[in-house]
Each structure stands twice: as structure tokens, then as C-alpha cells.
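Order of the sequence lines fixes the chain letters, A, B, ..., with proteins taken first and strands second; residue numbering starts at 1 for each chain.
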Amino acid sequence: MEMTEGKEEKNLEETAKTEGKNFIQHFIDGDLAEGKIRPGPCRFPRSNGYLHIGHAKAICLNFGLALANGGKCNLRFDDTNPTKEEQEFVDSIKADVEWLGFHWDHLFFASDYFEKLYLLAEKLVTIGKAYVCDLSPEEIHQYRGALTEPGKESPYRDRSPEENLDLLRKMKAGEFPDGSRVLRAKIDMASPNLNMRDPVLYRIQRAHHHRTGDGWCIYPMYDFAHPLSDAIEGITHSICTMEFEDHRPLYDWCINAADMPCKSRQIEFARLNMSYTVMSKRKLKLLVEEGYVQGWDDPRLPTLSGIRRRGYPAESIRAFCESIGVAKANSTVDIAQLEFFVRDHLNYHAPRAMAVLDPLKVTITNYPEGQEEMMQVVNNPEDSEAGTRPVPFSRQILIEKSDFMEQPTKKFHRLSPGAEIRLQNAYYIKCEDYKKDENGEVVELFCTYDPSTRGGWSEDGRKVKGTAHWLSYPHAVKGEVRLYNRLFSVENPDDYPEGGSFLDHINPQSVEVVEAYLEPSLAEVKPGDRFQFLRQGYFVADPDGALGRPVFNRIISLKDSFKKIMK
RNA sequence: AGGGGUGUAGCCAAGUGGUAAGGCAACGGUCUUUGGAAUCGUCAUUCGUUGGUUCGAAUCCAGCCACCCCUGCCA
């Protein structure tokens, strides 16, 4: 038998080829049709910080586009600012991309091109398209003008190419102090696009660079390095987010001014926002550094490391990114859409197991004392290849407290005085009596079982409405279970009153830790092993666990229509 | 105020002059040894808005409205 059909994930190539086309693919199609550009590599530029689900969208887009068009995708770090680059981020970003299942063609750093970029800068100076400016940062700011007013030209704007070249070389040689001079593009101080008002191309900055060490004291700006790095690599379509749209004229200017043979094209798309979470680096950093969460890989965070620890499968992240499409309009995707793809994948791939999170003891009065037996239980009804496992049954069992109601409502199909239900894969049991403690809380049930219903089937065709999961009390193992919920209690945490903060919306119940009872097979799980705890949700073994003492994170609960019915 | 963008259902999103795809959510039915899954069905007479062009407009034109981005030697 084979795996249940229908919802299986497509492999990367199939997905890339068959899914509906987004506007970027239309651009590429157009370029292809005109024959003026052949599809080349894409690239994923990132510099610092941990990746989150929004970056996953960009990664899936870039690598997906490359795959769909027979191109390659490079991974490039735009490490042009030495004070902001850290090896730690490089390593985590590489790990995240790999985890998502993508393979880059080449791993590049903008710093690989420092020499080439510098030569290009000299070229611009030589042909009179760039100049060395001695204005201070404050002065440059003032000269830039305002949104509605044109800027003023720098008094150094008309230096000769010879003088500029000499000055640039001296900048490079370290003859001037930090911040004393910059190299600027000579474009148009009256441009309505502020980015075109003689933007800075190089700054003097004596800082140790994580890859080039102290080899340079001048560093290119992103606006200069990015387009030229793309052109050097032969990237034909350079995808970035909307806030760079105003930079595109400058992107094109650099490539044309330097007369690069590869006319790379920048295309912008809207970044991903999601309900019930925050995506900005600043806010995520605050959550981590102020201790609202345990770290960058806290399972409640939308970081890829957090999502991974939470147990979300990479396949489901890819399917999600595929489903949300790509466009230019601001949007906030409902987190329920992500959760759908997580459940969808796990339903087919996570073996089932039984766990009781809030136990109620049940004694089966007509089951012989000291007797026990093994029930052969299907691991995954959605996957016939997943096999079966033995689960012990005995006189003392544990069920979920919520599966018993002393005075049941009409819609309640579970156990109540006199009611009969099925213990899944075991027997029908009927509640004959129950015991309360001094507080009036039900602490134990006394049931009888029907020996002819072994496996959970009745010979006389009698039906029961409820089916419950259970554990043999003497055989159960204990473990920690962390029940994660959404980090924020409102759809848009950024929507808060004057003087407030997104922190005010943190869900006080974003995690609940319980001591749970687990079936014996769960004693020896490995971190990353995923299960569906029957009738409850999907869970993943956390690295915090130890052999015989597992720790599980709840990935996502099962959809729960019972909650709705009972309302 | 200048420039650049964007408005299609509760949320994403196709649609490119021929009469509104798809997914999520929601809501009903069937089925069920997970109140899960599966399955069937319902869910935009209308595309921010007002006019215009056209036999015909979400698509073309004009005006208006709303929201986002831009004055780092950050990316």
C-alpha cells in the first residue's frame, strides 16, 4: 500500500513549475520572450539579524523563481557595513536556508567584491560621475533639502577628475579621519527622489570587518555595492522588498554609469506580515533581550529557529509561502493560514500516540486484578505504511478529566454516570460509579468493561458516541509538555493606544507547562521527533528532554469543533 | 506639501476589453474507532470612489478618497 494520496507535497521543482504565476514571473516571461535577458541566478541578500517567516517568503521566492526558470540562486551577504556584520548571523542564516530545503549555487559576500567595487568607484571618478565631498554628515543632511524643496549642490561637486581620483586614493590609503570625506555620485540635487540627490557611495570607517579584517578603511554603501554585485554575479532579476522601490533609479544609475555588461533588474515585492505576531527586527530583539521569551529560538517566535524548535515542518513553511502568493500590496496574512499547512503536513506524517495531560484515574472493576494485555494500535490511519505498535492495557487506566462530566449536557458524548464510551483501540467501558474528594472534585471513576469489545468493536453492532484516548496507569511514563499558544492576544499587536506598546498585547498564557502522562513508547524519543497526541494536537520532542524524561512542545492543537459545540 | 507605490470577500490572491479562479477562515450536510481527517455544499450581481470611452470595463481615460514608503556616512 502506498501513502494516502491527494495532499502529498510536491517536490521543489514541480512546485516551481506548476503553480500559478506571480507578477515577477510575468516580468521574467516577458524578458525571456524578448530574448534580451536570459534567466540568470537570483540571490538572497541578507546581512545581519536572525531570519523569520517573512524571510522564508523571500527565500522561497528567490529559490523558487530560479528553479522555475532553470537558473541558479546564490546566497549573498551584503556585508558592506563592518560594524553590523557578525559571523554568528551568517551561520544561522545558512542553517535556516538549508533547513528550508534550498541549495545555493554559490555562497558570496559583497566583501568578496571590495577590490572590484573600488576599481569601479575609480572608474566613475575618472569619467566625472562621482566626486569626493568634504561636507560633514550634518552639512550633507542640510544640503540634501527637503521632500518638497530641492537640495543644494555641494561646493566640492565640481572638483576635477584628477583631484577626485587623488582624494579617493588617499581616502583608501587611510590619510583622512573617519567621517571627514565621502565619495558621492554626481546625479541631481534637485531630483524629487531623495535617493538621487548625490548619494554617498563610500564612507571612511576604521572598523574591523568580519571577513576582510583591517584591510579596508573605506566601505561601499549598500546602494553602490548592491547593484554592482548583482551585475558582477550576472544576476538578471534581483528581488527585494518594497521599501527599496525608490532606490531602483539609483540601482539602474550605478549599473549604467559603471557600464556593466549585465543589466540586472530590480523587482520589488511586499514583505510578509502575519496576524498575532510581530516581524520587525527591533521588536523581536526587544522580546528576546528583555526576557519576554527565552531566546531567538523560543518556540513562540516567528523566527525560523523558533519555528523549527516549535516543530513546524520545513515542508509546511514552503507550502505556506507558495500559497500566499507574491504581490506589491501591503497585506497581513492570517496566521491560521500558516497553521493550516502545518496541520496538513503533520496529519500525513506524524505518527499518533496517546498522552494524558490532565489525568483522571479509572478503575475497571470487572477487569481481573494483576492482568494486563497488549493492544496493537495503528500508528497513523492516514499512512498505512506507518505500521502498528503495542500499547499496554490494565485494570487501572488514566483518561482526560475533560472526558467525564458528572451532569452531562445534551451534546456531551463522553463519559458520565451510566454512559458507555469506547477507549480507542481497547474496550467499551461504562461508568458505574465515581468518587469525589472533600472538595467535591471527581477523583476516580469506577467502570466496567465489555470483554467482547476488544479492539474497540462491538459484536452486537451497538454503537457508542464517544471515543477517548487512555493510558495504562502502571505503564505510563511522565514527561513535561509545553503547551504553546499565540504570543500575542490580539490580531495586530502594533495597534495600541497612545503611550502604550506592542508589549501590552503579549498573551499571558502564551505557554503553559504541564506534567503529563505518556504512553511507554514515548520514553525514548529523539529531539525533533513529531507526534500527534490523539485528540489533542501535534507535539515535537524538545532538545531539553532526556532519555526516559521527555519534553514535548505543542506544535499546534488539532482543530476543535467540540469547543464550538459546547458554547 | 514633492516623489514613489497600493486598493478585488473576514484574510491572502488570480484576473492584462468578452461578463469575477484558487487557498485560508466561516457556515451547513455526509461519513468517521481522533468532536481530528476525509467528503459534498454555501459564501463578491461586483472589483476604493465618482464620472467618461466602448456593443461590452475589475481591466482603458480623468478626477477624488484611503493606506504604505522616502530627507542614514544603515540595509
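Applying the 3.5 Å distance criterion, the base of B/G36 shares a donor-acceptor pair with the side chain of A/Glu382. Contact of A/Arg535 with B/G35 (side chain to base): no donor-acceptor pair of N or O atoms is detected under 3.5 Å. One can find a donor-acceptor pair under 3.5 Å joining the base of B/G23 and the side-chain atoms of A/Gln337. For A/Asp246 and B/G3, a side-chain-to-base donor-acceptor distance below 3.5 Å is present, hydrogens and geometry of angles not being considered. Side chain A/Gln536 to base B/U34: no donor-acceptor pair is found below 3.5 Å.
B/U19: no Watson-Crick or G-U partner with both key distances under 3.5 Å is found in any strand. Pairing of B/A9, defined by two Watson-Crick or G-U wobble distances under 3.5 Å, is not identified with any nucleotide. Using N1 to N3 plus N6-O4 or O6-N4 for Watson-Crick, or N1-O2 and O6-N3 for G-U wobble, each under 3.5 Å, B/C60 pairs with B/G52. For B/A37, there is no paired nucleotide, since no Watson-Crick or G-U wobble pair has both relevant distances below 3.5 Å. B/C74 is unpaired under the Watson-Crick or G-U wobble criterion, no partner having all donor-acceptor distances under 3.5 Å.
In this structure, A/Asp112 does not pair ionically with A/Arg76, as no charged nitrogen and carboxylate oxygen lie closer than 4.0 Å. We find that A/Lys430 and A/Asp450 are not joined by a salt bridge, their nearest charged nitrogen and carboxylate oxygen being 4.0 Å or further apart.
The same atom, P, is picked in B/A44 and in B/C31; the two are 28 Å apart, to the nearest Å. A gap of 32 Å separates the P atoms of B/C68 and B/C27, to the nearest Å. If you take atom P in B/G56 and the same atom in B/G18, they sit 14 Å apart, rounded to whole Å. Between B/U53 and B/A66, the distance separating the two P atoms is 27 Å to the nearest Å. B/A21 and B/G41 have their P atoms separated by 15 Å, given to the nearest Å. Taking the C1' atom of each, B/C47 and B/U16 are spaced 15 Å apart, rounded to whole Å. For the P atoms, the distance linking B/A20 with B/U46 amounts to 11 Å, nearest Å. Taking atom P in both B/C61 and B/U54, one finds a spacing of 16 Å when rounded to whole Å.
Considering only side-chain atoms of A/Arg203, the nucleotide from B/C73, B/G5, B/A37 that sits closest is B/C73. Set against B/A38, B/C70, B/A13, the side chain of A/Leu194 has B/C70 as its closest nucleotide. Set against B/U34, B/C12, B/C70, the side chain of A/Leu558 has B/U34 as its closest nucleotide. Of the candidates B/C73, B/U71, B/G36, the closest approach to any side-chain atom of A/Ile140 belongs to B/C73. Residue A/Asn347 places its side chain closer to B/G36 than to any other of B/G36, B/G23, B/C73.
By the 4.5 Å heavy-atom criterion applied to side chains, A/Asp198 and A/Tyr143 are not counted as neighbours.
For B/G36, the OP1/OP2 oxygens have a side-chain nitrogen or oxygen of A/Ser561 closer than 4.0 Å. Between A/Lys559 and B/A26 there is a side-chain N or O to OP1 or OP2 distance below 4.0 Å. Side-chain N/O atoms of A/Lys564 include one lying less than 4.0 angstrom from OP1 or OP2 on B/C27.
Across all strands shown, A/Arg144 has heavy atoms under 4.0 Å from sugar-phosphate atoms exclusively, and none from any base. Looking at heavy-atom distances under 4.0 Å, A/Ile324 makes contact with sugar-phosphate atoms alone, never a base. Backbone-only engagement by A/Val326 is indicated by non-hydrogen atom pairs under 4.0 Å involving sugar-phosphate atoms exclusively. If you check every strand for non-hydrogen atoms under 4.0 Å, A/Asn425 touches a base.
Distance A/His210 NE2 to B/A75 P: 13 Å, rounded to the nearest Å.
Ring pair A/Phe488/A/Phe502 is tilted by interplanar angle, where 30° to 60° counts as tilted.
Taking the ring axis of A/Phe562 as reference, the NZ or CZ atom of A/Arg414 stays within 45° of it and closer than 6.0 Å to the ring centre.
With hydrogens and angles disregarded, a donor-acceptor distance shorter than 3.5 Å links the side chain of A/Glu400 to the backbone of A/Asp358.
In this structure, A/His141 does not pack face-to-face on the six-membered ring of B/G72, missing the 5.5 Å centre cutoff or the 30° plane limit.
For A/Tyr251 and A/Phe244, the ring centers sit 6.0 Å or farther from each other.
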